[in-house]
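Positions are given from 1, in the same order as the sequence printed here.
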Amino acid sequence: MKKRQITIKDIAKSLNVAPSTVSRALADHPDISKETKELVLAYAKEHKYKPNALALSLRTSNTKTIGVILPQIVHYFFSSILSGIEDEAEKEGYRVIITQSNEIYEREVRGARTLQESRVCGVLASVAKTTTSFSHFQELIDSGVPLVFFDRICTGILTDRVVVDDYAGVQSAVEYLIKTGCRRIAFYGSESHMPISRNRRMGYEDALRKNGIAIDKSLMSICNNYADAMQITPAMLSLPEPPDAFFAVNDETALGILNVVKSKGLKVPEDISICGFTNNSIAELSNPQLTSVDQHGYEMGATSMRLLLDHIEGRRENDQIVNKIIKTNLVVRETTR
């Protein structure tokens, strides 16, 4: 059984002194005698006393703690964002508290309130797919908690944002598919109420228009996970004029497409090209290896944290709103011609 960490009250009881005396002795207060300080410090060292950093920081009004609201940590993109966040926080002595919405609005609201009650110095947030009301985020700002949105943002709240250039990333990927001979390119996207979804769809449609290819709604579907791709793709392949390429909103969806295509005896990329979006680890592990748009999640996380810390540390004006755009690049592998 793990031994309980001793507290100031434990030390005071053992030495028969007041807790305030112990606290001041540990802080090297001039009102405490040298003998008492040495006694307290020796006892604290012997029993491996560690101060409660959060409690100490609350007394100075800066908890040195950042709250993060993520849809899901298990996704490669969000875990890479988190790595960037934590590395930047570590550089300036800040800790990170993480809450997951699991794409559920109610959990997101509870997470935001928990972070506010924990007196975090600021919050980094990416919105759940099911969120259509954003008052919980406005409450954070109204209570004086700086907020930075990343990736999935709320356009109606005036605060810093860090986003991927979704439009350009999809447009360049679809244009690459067209240049390699594809003409019937299916598009698997996300729910249209999210800005990133609209931007990616527009990138797809504009790439087709730019190259004189008509937009065919039968080739467009809401499909943003592996299971749905496995279910939807067979019907797509059974169309009178089936697609000769797929663009998927993320790599997990692209992998589902790939497995269905292979199960139908079709060759990739000779018969059908496939492109994903994220460029996570499965892109290199799939067979054949997946072409994908790299979102640079680590850079997004690091940039978001730097923006927030600049605000907290007073390195820029409080009323200055900053929007940062992370550029993407297409990583061509074996699933495209």
Side-chain angles (χ1 to χ4, degrees), residues 71-72 74-79 102-103 128-130 151-152 164 166 169-170 173-174 176-177 180 182-194 196-205 207-208 215-295 297 328 330-337:
Q72 285 186 320
V74 295
H75 284 184
Y76 172 87
F77 179 56
F78 289 117
S79 64
N102 278 334
E103 306 289 10
K129 291 177 183 177
T130 55
D151 189 46
R152 302 184 195 168
V164 170
D166 294 289
V170 175
V174 174
Y176 177 81
L177 292 171
T180 58
C182 302
R183 289 296 179 270
R184 288 188 56 76
I185 304 169
F187 176 81
Y188 283 5
S190 295
E191 291 81 357
S192 60
H193 69 271
M194 294 191 296
I196 62 170
S197 302
R198 294 194 297 270
N199 290 338
R200 292 180 189 183
R201 189 191 71 248
M202 287 190 294
Y204 163 77
E205 292 180 353
L208 296 181
I215 295 170
D216 185 343
K217 295 295 184 181
S218 70
L219 294 177
M220 301 172 67
S221 181
I222 301 298
C223 179
N224 54 28
N225 59 67
Y226 178 89
D228 286 351
M230 292 290 289
Q231 183 176 358
I232 292 170
T233 305
M236 193 72 75
L237 293 174
S238 299
L239 289 171
E241 294 183 69
D244 55 13
F246 285 84
F247 177 86
V249 70
N250 56 49
D251 291 347
E252 289 79 9
T253 302
L255 185 60
I257 297 167
L258 175 61
N259 286 342
V260 171
V261 169
K262 288 167 63 178
S263 73
K264 299 294 184 181
L266 298 168
K267 294 181 180 180
V268 178
E270 293 85 354
D271 298 323
I272 295 180
S273 292
I274 302 170
C275 180
F277 198 105
T278 303
N279 193 37
N280 71 21
S281 56
I282 67 170
E284 292 186 282
L285 297 175
S286 67
N287 182 24
Q289 292 185 343
L290 181 67
T291 293
S292 184
V293 177
D294 196 331
Q295 290 182 274
T328 62
L330 182 65
V331 180
V332 177
R333 295 192 179 91
E334 300 169 346
T335 58
T336 52
R337 302 168 193 168

Asks: Roughly how far apart are Met236 CE and Met220 CE, rounded to 0.5 Å?
Replies: 10.0 Å
Asks: Is the shortest heavy-atom distance from the side chain of Ile196 to the side chain of Val164 under 4.5 Å?
Replies: no
Asks: Start with the C-alpha gap between Ile272 and Ile257, add the side-chain angles, then the distance that decides, and say whether side chain to side chain contact (heavy atoms under 4.5 Å, CB included) holds.
Replies: CA-CA 10 Å; Ile272 295 180; Ile257 297 167; 5.8 Å; no
Asks: Do side-chain atoms of Asn250 reach the backbone of Asn224 as a donor and acceptor pair under 3.5 angstrom?
Replies: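 Yes, the answer is positive, given that a donor and an acceptor are paired below the 3.5 Å cut-off.
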Asks: May I ask you to decide if the ring planes of Phe246 and Tyr188 are parallel, tilted or perpendicular, using 30° and 60° as cut-offs?
Replies: perpendicular
Asks: For the CG atom of Asp251 and the OG1 atom of Thr278, what is their distance to the nearest 0.5 Å?
Replies: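 These two atoms lie 4.5 Å from each other.
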Asks: Holding to side-chain contact (heavy atoms from CB on, under 4.5 Å), I want the full list of residues that pass it with Ser286, two or more places apart in sequence or in another chain.
Replies: Leu255, Leu258, Leu290
Asks: For residues 264-273, which residue pairs qualify under side chain to side chain donor-acceptor pair (under 3.5 Å), counting only residues two or more places apart or in two chains?
Replies: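 Qualifying pairs: none.
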Asks: Any non-hydrogen side-chain atom of Leu330 less than 4.5 Å from a side-chain atom of Thr291?
Replies: yes
Asks: Please check this pair: side chain of Lys262 against backbone of Asn287, looking for a donor-acceptor N/O pair closer than 3.5 Å.
Replies: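 Between the backbone of Asn287 and the side chain of Lys262 there is a qualifying donor-acceptor contact (under 3.5 Å).
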Asks: Salt bridge (Lys or Arg N to Asp or Glu O under 4.0 Å): which pairs involve residues 216-236, sequence neighbours left out?
Replies: Arg184-Asp216, Glu205-Lys217
Asks: For Arg183, is there an ion pair with Glu241 - N to carboxylate O distance below 4.0 angstrom?
Replies: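 Result for this pair is no, no salt bridge flagged.
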Asks: Do side-chain atoms of Arg200 reach the backbone of Asp166 as a donor and acceptor pair under 3.5 angstrom?
Replies: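 Here the side-chain-to-backbone pair does not exist.
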Asks: Where is the tightest heavy-atom contact between Cys223 and Thr253, given as atom of each residue plus distance?
Replies: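 For Cys223 and Thr253, the tightest heavy-atom pair comes out as O-CG2, 3.7 Å.
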Asks: Is there a side-chain contact between His75 and Asn280 in this structure, where contact means two heavy atoms from C-beta onward sitting under 4.5 Å apart?
Replies: no
Asks: With a cut-off of 6.0 Å (strictly less than), are more than 12 heavy atoms of other residues, nucleotides or ligands near CD of Gln72?
Replies: yes
Asks: Between Gln295 and Thr328, do the side chains contain an N or O donor and an N or O acceptor separated by less than 3.5 Å?
Replies: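 Their side chains do not contain a donor-acceptor pair, so the 3.5 Å distance test is not met.
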Asks: Which atom pair, heavy atoms only, marks the closest approach of Ser197 to Ser190?
Replies: OG-CB, 3.2 Å
Asks: Which heavy atom of Ala229 sits nearest to which heavy atom of Pro234, and what is that distance?
Replies: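 Looking at all heavy atoms of both residues, the closest pair is O-CD, 4.3 Å.
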Asks: Run the side-chain hydrogen bond (donor to acceptor under 3.5 Å, both in side chains) test against Arg333 and tell me which residues pass, sequence neighbours left out.
Replies: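 Once residues adjacent in sequence are excluded, the partners of Arg333 under the side-chain hydrogen bond (donor to acceptor under 3.5 Å, both in side chains) criterion are Asn279.
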Asks: Got a sec, which residues hit side-chain contact (heavy atoms from CB on, under 4.5 Å) with Met230, two or more places apart in sequence or on another chain?
Replies: Tyr226, Asn259, Val260
Asks: Any donor and acceptor pair, going by atom type alone, linking the side chain of Thr130 with main-chain N or O of Glu103 inside 3.5 Å?
Replies: yes
Asks: Would you call Leu237 and Val261 a side-chain contact if the rule is heavy atoms closer than 4.5 Å?
Replies: yes
Asks: If I take atom CE from residue Met194 and atom CZ from residue Arg152, how far apart are they, to the nearest 0.5 angstrom?
Replies: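 It is 5.0 Å, given to the nearest 0.5 Å.
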Asks: Which pair of heavy atoms, one from Ser192 and one from Arg201, lies closest together, and at what distance?
Replies: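 So the two residues come closest at CB-NH1, 4.3 Å.
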Asks: Measure across Ser292 and Phe277 and return the closest heavy-atom pair with its distance rounded to 0.1 Å.
Replies: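 Minimum heavy-atom separation between Ser292 and Phe277: OG-N, 3.4 Å.
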Asks: May I ask you to test the Pro288-Thr335 pair for a side-chain heavy-atom distance under 4.5 Å?
Replies: yes
Asks: Report the distance from atom CG of Leu208 to atom CZ of Phe187, rounding to the nearest 0.5 Å.
Replies: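 Nearest 0.5 Å value for the CG-CZ distance: 10.0 Å.
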Asks: Identify, with sequence neighbours excluded, every residue that meets side-chain contact (heavy atoms from CB on, under 4.5 Å) alongside Ser281.
Replies: Tyr76
Asks: Hey, could you give me the OH/CZ distance between Tyr176 and Phe247, rounded to the nearest 0.5 Å?
Replies: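 CZ of Phe247 is found 14.0 Å from OH of Tyr176.
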Asks: For the OG1 atom of Thr336 and the CD1 atom of Ile274, what is their distance to the nearest 0.5 Å?
Replies: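 Output value for this atom pair is 10.0 Å.
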